[in-house]
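The shown structure was predicted, so the numbers you read here are calculated from the model rather than taken from an experiment. In listed order, ligands and their atoms are each counted from 1.
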Amino acid sequence: MNNIKHHSRLVAHNGLVVSAALSVKVLLTGAAGQLGQALIASTPPGVELVACSRAELDLADPAACRAAVQAHRPSWVLNAGAYTAVDKSESEPELAQAVNAGAPGAFAEALAETGGRLLQVSTDFVFNGLQGSPYRPEQGLDPLGVYGASKAAGEAAALQLPGSRVLRTSWVYGPVGHNFCCTMLRLHREREQLGVVADQVGCPTSTATLAAACWRAIGVGLEPDAEGSLPRILHWSDAGVASWYDFAVAIGELGVVAGLLERAALVLPLTTADYPTPAQRPSYSLLDCSSSRAALGLEPVHWRAALVEVLSSFELNASR
Ligand SMILES: NC(=O)c1ccc[n+]([C@@H]2O[C@H](COP(=O)([O-])OP(=O)(O)OC[C@H]3O[C@@H](n4cnc5c(N)ncnc54)[C@H](OP(=O)(O)O)[C@@H]3O)[C@@H](O)[C@H]2O)c1
């Protein structure tokens with residue numbers, strides 16, 4: 001394990017990250033993931049962060065999850081790690097369940113003994129997408145596939161622990177990691193034209209705005225009264241609505257403006273039927289974030305504005 005400063009954007013993927021300030025101790029999982037990296041880069045003053053990637057903590061091992069809580073005795077576990085391979089989960093349901101449901105269950109069990117709390121990051125895929133209007137936090141769940149079902153089970157396990165919270169989000173992307181934005185930038189560069197699904201609607205969410213919401217969701221930056229009255233289930237996405245097609249077109253247009261692309265490829269709209277995948281995806285997965293945004297005290301950012309910010313940060317990494 002390496003000890004490195006939490007403010008560094010060059011944080012080693014396998015690093016144990018410990019900040020100097022001491023007031024809220026947070027055990028972060030998924031440190032090498034795209035949200036984990038954004039959380040490390042935005043760690044607020046006053047947070048002592050213990051960041052674990054897969055090498056330090058295997059989320060498929062419940063005994064290791066319990067032991068990490070017992071060893072570090074954090075105020076919060078911020079569980080940003082997850083089995084996120086939506087299609088692959090259809091053929092690896094046991095592993096998806098172990099990581100996405102077993103780990104939060106083990107954290108909740110251990111935190112009940114140590115007196116800590118759990119923030120479980122979850123997904124729009126817990127809904128079936130048939131509603132046609134934004135899903136509210138308190139609505140019932142009906143996941144369509146293995147990934148969504150495992151995340152729904154993770155929510156239930158987390159909520160067993162009094163004081164724990166669930167924060168659902170959608171269509172996460174940022175300047176690092178495997179995500180739609182990075183893939184589309186590459187495809188815009190490589191191809192004359194590309195087909196993208198236009199009949200699935202949701203809202204892209206930048207890892208930067210999501211990380212800010214996560215810190216608020218564990219009370220960092222909130223007055224104690226506001227923290228105490230936060231709902232147990234929160235929704236967070238950037239503002240607005242898009243199809244994957246809209247998002248791909250915007251990445252091309254704004255990628256040119258940001259100087260990341262010489263030209264945008266022609267994007268052709270596809271239907272879900274044109275692009276079959278092992279896992280069924282919700283056709284409509286907008287999250288109603290209005291009450292959560294008010295409770296967290298954060299202003300909504302339109303997804304195009306957030307995309308401009310993300311693309312500007314790509315300049316920091318000339319290899320992309
Ligand atoms: N990505 C999205 O579009 C999206 C949408 C809605 C909600 N979410 C939720 O947002 C959260 C953050 O996702 P993300 O986008 O940051 O995903 P990500 O980039 O795929 O990161 C997930 C991290 O979890 C780690 N992980 C997977 N299996 C593990 C295991 N057995 N032990 C330890 N670590 C393990 C991965 O490690 P490796 O790097 O070693 O593989 C990876 O670093 C997750 O809860 C996800 O369900 C994501």
Roughly how far, to the nearest 0.5 Å, is CG of L210 from CD of Q34?
->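 Atom-to-atom, Q34:CD and L210:CG are 9.0 Å apart.
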Could you tell me the separation between the CG atom of N100 and the CG atom of N79, rounded to the nearest 0.5 Å?
-> 8.5 Å
[X], portion touching ligand 1 at heavy-atom distance under 4.0 Å:
X	result
A31	neither
K151	side chain
T207	neither
W236	neither
Y173	neither
V172	both
A82	both

Where does the angle between the aromatic ring planes of W171 and W244 fall among parallel (under 30°), tilted (30 to 60°) and perpendicular (over 60°)?
-> parallel
Do the rings of F247 and F180 sit parallel, tilted or perpendicular, given the 30° and 60° boundaries?
->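 Ring orientation of F247 relative to F180: parallel.
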Is [X] in polar range of ligand 1, meaning some N or O pair under 3.5 Å apart?
X	value
L59	yes
S170	no
D124	no
N79	no

For A60, counting its heavy atoms only, list the atoms of ligand 1 lying under 4.0 Å from any of them.
->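 Atoms satisfying the 4.0 Å criterion: 31 (N).
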Shortest heavy-atom approach to atom 38 (P) of ligand 1 - which of R168, R54, H178 =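 Answer by nearest heavy atom: R54.
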Proximity winner for atom 11 (C) of ligand 1, if only heavy atoms of V121, T123, D58 are counted | V121
Between Q139 and R136, does a side-chain contact (heavy atoms from CB on, under 4.5 Å) hold up when you go through it step by step?
-> CA-CA 6 Å; Q139 286 193 239; R136 295 187 310 282; 3.7 Å; yes
For V146, which fellow cluster members are found when Ile, Leu, Val, Met, Phe, Trp and Tyr are connected by side-chain heavy-atom distances below 4.5 angstrom, either directly or through intermediates?
->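 Once heavy-atom contacts under 4.5 Å are chained together, V146 still belongs with nothing else.
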